[in-house]
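Okay, so here's the structure we're looking at.
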Amino acid sequence: MINKEPRVRFAPSPTGYLHVGGLRTALYNYLFAKHNNGKFILRIEDTDRNRYVEGAVENLIASLKWCGLEYEEGPDVGGAFGPYMQSQRLDLYKKYSEELIKNGLAYYCFCTPERLEALREEQQKQKLPQAKYDKHCLHLSKEEIENNLSKGVSKVIRLNVQSDQKIIIDDIIRGRVEFNSSNVDDQVLIKSDGYPTYHLANVVDDHLMQITHVVRGEEWLSSTPKHILLYEYFGWEKPYFAHLPLLLNPDRSKLSKRQGDVAVEDYRAKGYLKEALVNFVALLGWNAGDDKEFYNMNELIERFSLERVNKSGAVFDLEKLSWLNAEHLRKKTDEEILNLLKVEINHSSSVIHQYSDDYLLKVIAVMKERVSFVKEYLTKSPYFFEAPQEYDKASLEKNWKTETPPQLEKLNEAFSRIASPSKEEFEKALTETAEELNIGKGKLIHPLRLAVSGMSAGPGVFDILVIIGKDETIKRINTSLSKIKL
RNA sequence: GGCGCGUUCGUCUAGUGGCUUAGGACGCUGCCCUCUCAAGGCAGAGACCACGGGUUCGAAUCCCGUACGCGCUACCA
């Protein structure tokens with residue numbers, strides 16, 4: 001078990017938005033921290049100036065917070081180990097890389113991109129097993145280095161990797177993974193613009209920020225040897241590593257924009273509940289070992305463990321997400337749904353009238369079991385907000401006969417005789433009318449539903465009638481009688 | 001090409017050597033309920049556990065190989 005208070009971080013690079021894969025990484029970090037009474041930290045890895053996107057950090061933070069992933073330390077909330085933006089920690093990376101140089105564990109490299117390119121080409125032509133930097137600048141004389149430095153020749157700092165050393169990662173999820181340092185390139189640590197690469201920055205920061213567990217995507221597994229080497233060269237204690245499986249497209253390639261939505265904000269805009277997204281994403285690669293699939297955040301925190309995370313990638317399946325969305329929506333109280341529905345109505349252009357909370361609550365009560373998304377209150381039962389403009393053709397053919405209009409007229413008369421009908425009174429009036437006409441109730445019910453809603457699906461007709469009220473009911477029946485011509 | 005990781009129903013997964021004629025969920029089909037549609041209940045189709053060898057009395061589970069997929073192979077993260 002973990003004896004130290006765990007400290008974990010989510011360390012995205014601000015490229016525009018929060019990817020659902022990133023959400024899962026953040027979520028697992030968060031759940032792990034909360035489960036173990038640890039700290040969850042947000043650190044922004046903005047060391048690539050070419051990839052900087054305006055507003056990306058704010059966007060990322062907004063998505064994270066919308067999902068309920070609150071961090072104890074981060075760029076906007078501060079903390080004892082800040083700053084939490086790597087672009088504000090440049091002096092630190094400089095200091096530590098120079099320390100490495102002093103100890104012969106890193107070196108200046110003045111090679112031009114052109115030489116590097118030529119080197120790669122040559123190695124490829126010779127069909128060498130791997131393309132690696134040839135350590136050319138490691139063998140520069142002290143004078144040459146001094147000279148280049150004083151002349152301001154463009155330079156980078158490279159890691160001096162010793163060959164043929166066994167590097168072992170004890171990954172929490174994957175177990176023991178072995179690498180040979182001969183396959184590790186002399187990675188650039190500090191770029192010519194003075195910014196660090198991911199490899200240096202993440203090791204320095206994880207150490208300084210006292211990160212105990214590095215929980216990140218599988219795409220990092222291959223570069224972990226570089227990080228291990230860095231920890232060893234610095235003489236620092238290594239954190240535990242846990243490399244998460246990838247999220248996949250339906251064709252099993254890495255989840256990408258090309259094949260659908262990948263941003264958390266896309267799902268939010270489409271009307272998915274944060275509870276459903278979080279629940280769904282949590283289950284993509286993890287389960288508690290039982291059949292439970294419906295989780296709220298607290299239950300996830302209670303049950304989560306890295307040891308039960310899968311090794312293989314998982315396809316992001318929208319159908320199951322929709323089901324979970326419906327489940328979470330139905331579990332909400334009517335009052336919670338009311339608030340969501342009011343937001344939806346405000347954003348809708350099709351609902352023009354004002355409706356009281358009381359009215360909306362009645363709609364919610366009868367539609368709750370029939371919707372998977374909040375917006376479906378409007379799309380699946382528009383008749384609660386506006387009289388039908390047209391009538392479902394298939395149902396018309398099936399249920400609207402030549403004898404229907406006079407029968408509905410009779411029904412309308414019966415309705416108009418009741419002062420303020422309840423659901424039962426509406427039904428009683430219909431039953432009696434059917435008896436008088438000597439026909440089955442269905443002969444009236446189906447046309448009535450059509451007249452009043454324009455649709456063939458929905459809550460019980462009498463539920464619809466009480467909600468829209470007697471006057472509106474009568475009005476809609478009359479409208480249908482004049483509009484529907486056979 | 002090199003290095004690394006992975007492979008159980010269409011999808012998410014349970015399974016850590018005998019409890020397994022491989023369990024659950026989503027989706028799909030049918031039935032029940034019923035004024036319709038949902039929800040719910042019940043039933044069903046759907047996986048020769050990638051393939052081939054071993055180890056063992058016994059393997060989805062352990063070992064080796066092969067195939068396929070994926071990741072990395074940048075002065076990107």
Side-chain angles (χ1 to χ4, degrees), chain A residues 11-15 45-48 50-51 86 109 111 113 116 120 123-124 127-132 154-158 169 171 173-174 177-180 182-185 187-199 201-202 216-225 243 245-246 248 250-254 280 283-294 310-324 326 330 366-372 380-381 392 395 398-399 427 430 440-446 448-450 453 455-462:
Chain A
S13 89
T15 51
E45 311 238 327
D46 55 344
T47 56
D48 185 357
N50 301 321
R51 289 221 291 181
Q86 290 187 325
C109 171
C111 290
L116 261 20
R120 250 192 297 270
Q123 288 172 333
Q124 224 152 60
K127 290 208 156 103
L128 251 48
Q130 69 261 133
K132 271 169 62 182
S154 181
K155 65 173 191 301
V156 300
I157 296 177
R158 285 184 183 274
I169 304 166
D171 194 272
I173 293 166
R174 278 148 222 286
V177 182
E178 225 177 280
F179 292 87
N180 188 304
S182 299
N183 294 315
V184 179
D185 200 0
Q187 182 66 46
V188 170
L189 263 21
I190 300 281
K191 298 178 260 186
S192 57
D193 64 2
Y195 277 64
T197 57
Y198 171 85
H199 309 286
N202 113 76
R216 75 218 316 187
E218 190 188 343
E219 68 267 30
W220 295 111
L221 187 58
S222 298
S223 42
T224 305
H243 287 96
L246 260 23
L248 273 25
D251 69 356
R252 304 205 76 86
S253 58
K254 189 174 165 183
F280 176 63
L283 257 19
L284 248 30
W286 171 87
N287 77 87
D290 53 24
D291 291 338
K292 186 173 167 66
E293 299 210 88
F294 184 90
N310 288 163
K311 295 179 177 71
S312 51
V315 174
F316 197 85
D317 173 29
L318 275 327
E319 299 227 63
K320 196 150 185 176
L321 208 208
S322 294
W323 169 73
L324 266 176
R330 280 194 282 271
V366 299
M367 287 302 292
K368 203 172 181 177
E369 299 295 328
R370 286 165 241 269
V371 298
S372 297
K380 284 197 168 178
S381 55
D392 180 75
S395 178
K398 193 176 171 207
N399 301 306
E427 181 155 15
L430 184 136
K441 285 164 71 175
K443 285 272 183 287
L444 287 175
I445 283 178
H446 295 292
L448 172 61
R449 171 185 294 283
L450 206 46
S453 75
M455 299 180 162
S456 63
V461 245
F462 305 111

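Residue numbers start from 1 in every chain, and the chains themselves are labelled A, B, ... in the order their sequence lines are given, proteins ahead of strands.
- Partner assigned to B/G40 is B/C32, using Watson-Crick or G-U wobble distances below 3.5 angstrom.
- Across every strand in view, B/C75 sits unpaired, with no contact that passes the Watson-Crick or G-U test at under 3.5 angstrom.
- Annotation: B/A22 and B/C63 have their C1' atoms spaced 23 Å apart (nearest Å).
- Among the heavy atoms of the strands lying under 4.0 Å from A/Arg252 are primed sugar atoms or P, OP1, OP2 only; no base atom is included.
- A donor and an acceptor atom, one from each side chain of A/Ser182 and A/Asn180, are located under 3.5 Å apart.
- Across every non-hydrogen atom of A/Glu293 and A/Leu283, the tightest pair is O-CD2, 3.3 Å.
- The partner of B/G6, taking Watson-Crick or G-U wobble pairs whose two distances both stay under 3.5 Å, is B/C68.
- With P as the reference atom, B/A39 and B/G27 are 8 Å apart, rounded to whole Å.
- Around atom NZ of A/Lys443, no more than 12 heavy atoms belonging to other residues, nucleotides or ligands sit under 6.0 Å away.
- In this structure, A/Pro196 and A/Glu427 both approach RNA chain B, and ranking their closest nucleotides by distance from the 5' end singles out A/Glu427.
- A/Arg174 comes within 4.0 angstrom of sugar-phosphate atoms only, judged by non-hydrogen atoms across all strands, and of no base.
- Across all strands shown, A/Ser312 has heavy atoms under 4.0 Å from sugar-phosphate atoms exclusively, and none from any base.
- Nucleic acid contact class of A/Pro245 (heavy atoms, under 4.0 Å, all strands): none.
- Side chain to side chain, A/Arg174 and A/His243 fail the donor-acceptor criterion of an N or O pair below 3.5 Å.
- Within 6.0 Å of NZ on A/Lys155 lie no more than 12 heavy atoms contributed by other residues, nucleotides or ligands.
- Positionally, the nearest nucleotide of RNA chain B for A/Gly460 lies more toward the 5' end than for the other of A/Gly460 and A/His199.
- A/Asn310 comes within 4.0 angstrom of sugar-phosphate atoms only, judged by non-hydrogen atoms across all strands, and of no base.
- When both pairing distances are held under 3.5 Å, B/A47 makes no Watson-Crick or G-U pair with any nucleotide shown.
- For A/Asp392 against A/Met455, the heavy-atom pair with the smallest separation is CB-CA, 4.3 Å.
- As judged by a 4.0 angstrom heavy-atom cut-off over every strand, A/Lys441 is placed among residues making no nucleic acid contact.
- The same atom, C1', is picked in B/G4 and in B/A25; the two are 32 Å apart, to the nearest Å.
- Within 4.0 Å (heavy atoms only), A/Gly285 reaches sugar-phosphate atoms of the nucleic acid but no base atom.
- A/Val177 comes within 4.0 angstrom of sugar-phosphate atoms only, judged by non-hydrogen atoms across all strands, and of no base.
- Residues passing the ring-ring contact (aromatic ring centres under 6.0 Å, His included) test with A/Phe316 are A/Tyr267, A/Phe280, sequence neighbours excluded.
- A pairwise comparison of heavy atoms in A/Leu284 and A/Val315 identifies CD1-O, 4.0 Å as the closest pair.
- With a cut-off of 3.5 Å on both pairing distances, B/G27 has no Watson-Crick or G-U wobble partner at all.
- Using a 4.0 Å heavy-atom distance criterion, A/Ser13 is classed as a sugar-phosphate-only contact.
- Taking every heavy atom of both residues into account, A/Pro196 and A/Thr47 meet most closely at O-CB, 3.4 Å.
- At the heavy-atom level, A/Gln124 lies nowhere under 4.0 Å from the strands shown.
- Taking the C1' atoms as reference points, B/U8 lies 10 Å from B/A14, given to the whole Å.
- Taking the C1' atom of each, B/C33 and B/C26 are spaced 23 Å apart, rounded to whole Å.
- The base-pairing partner of B/U16, taking Watson-Crick or G-U wobble contacts with both distances under 3.5 Å, does not exist among the strands shown.
- Between B/A45 and B/G23, the distance separating the two P atoms is 11 Å to the nearest Å.
- Contact annotation for A/Phe316: no contact, since no heavy-atom pair falls under 4.0 Å across all strands.
- With a heavy-atom cut-off of 4.0 Å to chain A, the contacted part of RNA chain B has its first and last nucleotide at B/G1 to B/A77.
- Taking atom P in both B/G69 and B/C32, the straight-line distance is 47 Å, to the nearest Å.
- The separation of B/G18 from B/C62, taken at their P atoms, amounts to 12 Å, rounded to a whole angstrom.
- Pair assignment for B/U56 gives none, since no Watson-Crick or G-U wobble pairing has each distance under 3.5 Å.
- Here A/Pro14 lies out of heavy-atom contact (under 4.0 Å) with every strand.
- A/Lys292 NZ: more than 12 foreign heavy atoms inside a 6.0 Å radius.
- Nucleic acid contact for A/Thr47: sugar-phosphate only, since backbone atoms but no base atoms lie under 4.0 Å from a heavy atom of the residue.
- When heavy atoms are screened at a 4.0 angstrom cut-off, A/Gly442 is found touching no nucleic acid atom at all.
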